[in-house]
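Step one of this worksheet: look at the structure below.
Chain letters run A, B, ... following the sequence lines, proteins first and then strands; every chain starts at 1.
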Number of protein chains: 2
Amino acid sequence: MKVSSRGEYALRALIALGLQEGNVSTIADISGQTLVPVAYLEQILLQLKMLGYLKSKRGKNGGYMLAKAPDQIVIGDVIRSLEGPLAPMGCVSITSYEACPLEGTCLLKPFWALIRDSIAQLLDQTTLAHLIERKL
Amino acid sequence: MKVSSRGEYALRALIALGLQEGNVSTIADISGQTLVPVAYLEQILLQLKMLGYLKSKRGKNGGYMLAKAPDQIVIGDVIRSLEGPLAPMGCVSITSYEACPLEGTCLLKPFWALIRDSIAQLLDQTTLAHLIERKL
DNA sequence: GATTATGTTGACTAACATACTCAGGTATCG
DNA sequence: CGATACCTGAGTATGTTAGTCAACATAATC
Ligand code: FES
Ligand code: FES
């Protein structure tokens, strides 16, 4: 049930930018705060930009900043974009369902569904603002 | 947050054996019911045996059966044995803690802990008996 | 307008994990 | 004995992860 480094790093970066309140931060700055290697962080920030969470400014005095208010950034969406579906099995995924061969009689499916609901509820009701303000 | 095929197959096999109420089943039988390839299933059943969930009988009329009552087989334990810790990050794992570099100031850790608790509570309160009897 | 600080793009790689297969070996029953 | 099972260890194809790297594009400043 591990979260990959990519997802973890993306959230660290979002938090770092969320604490900047509108100021731009360079990749190097963010790398310093998050301890993510610069070259790898570039990739991740770029992806977050394409997903609409960040915007960037090029050239001197450039950098990244949030494109949305922290309370509009839902952690569940971020994780889904970076790591794929939250559901433990395709057959109980709402966002990307995939059939199982035994699905008709399967005694596991309701159980997976329970896990999915529990995880999704938690991740979808938490925003970046909640993390930053330590209000969980 | 996916569960691997190995974990899924192990649970399918345990369910199949749980439904047999003490009778032995051959690998081929179980393979037929679970749609898991015979050679792969062999590996998994062997592992489940070494973990103490199954016992086996060799030779003619041999096969596998449960080594414990279904209500003594906790799904969380099975998953942990086959897939590693339930926690999404090492720094919030109870069974196999691993330090994070940012741990002191990290705003994510409490959130991961919440996820861990939610998953662990669900998996550790469910037994094979619950799955078989459809009582979740 | 040259310099320099920044983000952008795309390819590339080493290491590991997953999902298996396969060729034998060994115990047990009849 | 010989058939029927489980047992053991190795091997392999494919994909994923966690990065690196070189070259490029753009914007501000001197
Ligand atoms: S796990 Fe998908 S149907 Fe059983
Ligand atoms: S995620 Fe482990 S300390 Fe932040």
I need the residues from residues 21-44 of chain A with at least one non-hydrogen atom less than 4.0 Å from DNA chain C; give them sorted by number, or say none. A/Ser25, A/Thr26, A/Ile27, A/Glu42, A/Gln43
A/Ser5 side, atom OG; A/Tyr40 side, atom OH - distance, nearest 0.5 Å: 3.5 Å
The answer to which of A/Met50 and A/Gly62 contacts DNA chain C further toward the 5' end, by nearest nucleotide, is A/Gly62
Check this one for me: any side-chain N or O of A/Lys49 less than 4.0 Å away from OP1 or OP2 of C/dT8? yes
Provide, to the nearest angstrom, the distance between the CG atom belonging to B/Leu82 and the P atom belonging to C/dA17. 15 Å
Taking only side-chain nitrogens and oxygens of B/Ser56, does any of them come within less than 4.0 Å of OP1 or OP2 of D/dA5? no
Rounded to whole Å, NZ of B/Lys57 lies from C1' of C/dC29 at a distance of 8 Å
Between NZ of B/Lys2 and P of D/dT16 the distance, given in whole Å, is 11 Å
Of the nucleotides C/dT8, D/dT29, C/dC20, which has the atom closest to the A/Leu46 side chain? C/dT8
Check this one for me: any side-chain N or O of A/Ser4 less than 4.0 Å away from OP1 or OP2 of D/dT17? no
In whole angstroms, how far is the P atom of C/dA2 from the NZ atom of A/Lys60? 16 Å
Measuring only between side-chain heavy atoms, which start at C-beta, is B/Leu66 closer than 4.5 Å to B/Leu54? yes
4.5 Å side-chain heavy-atom contact, A/Leu136 and A/Leu131: yes
For residues 90-103 of chain B, which residue pairs pass the salt bridge (charged side-chain N to carboxylate O under 4.0 Å, His left out) check, not counting sequence neighbours? B/Glu103-B/Lys109
Check this one for me: any side-chain N or O of B/Tyr64 less than 4.0 Å away from OP1 or OP2 of D/dC7? yes
What is the distance, to the nearest angstrom, from the CZ atom on B/Arg58 to the P atom on D/dC6? 10 Å
Of all the nucleotides listed (C/dA19, D/dT4, D/dT8), which has the minimum atom distance to the side chain of B/Ser5? C/dA19
Can you run down the salt bridge (charged side-chain N to carboxylate O under 4.0 Å, His left out) pairs that involve residues 113-136 of chain A, sequence neighbours left out, and say none if there aren't any? A/Arg80-A/Asp124
D/dG19, C/dA5, C/dC29: which one has an atom nearest the side-chain heavy atoms of A/Tyr9? D/dG19
Are the side chains of A/Tyr64 and A/Ser25 in touch, meaning some heavy atoms are under 4.5 Å apart? no
Separation of C/dG7 atom P from A/Gln47 atom CD, nearest Å, is 17 Å
So, is B/Asn61 close to the C/dG30 phosphate, meaning a side-chain N or O under 4.0 Å from OP1 or OP2? yes
B/Leu46 side, atom CG; B/Met50 side, atom CE - distance, nearest 0.5 Å: 4.5 Å
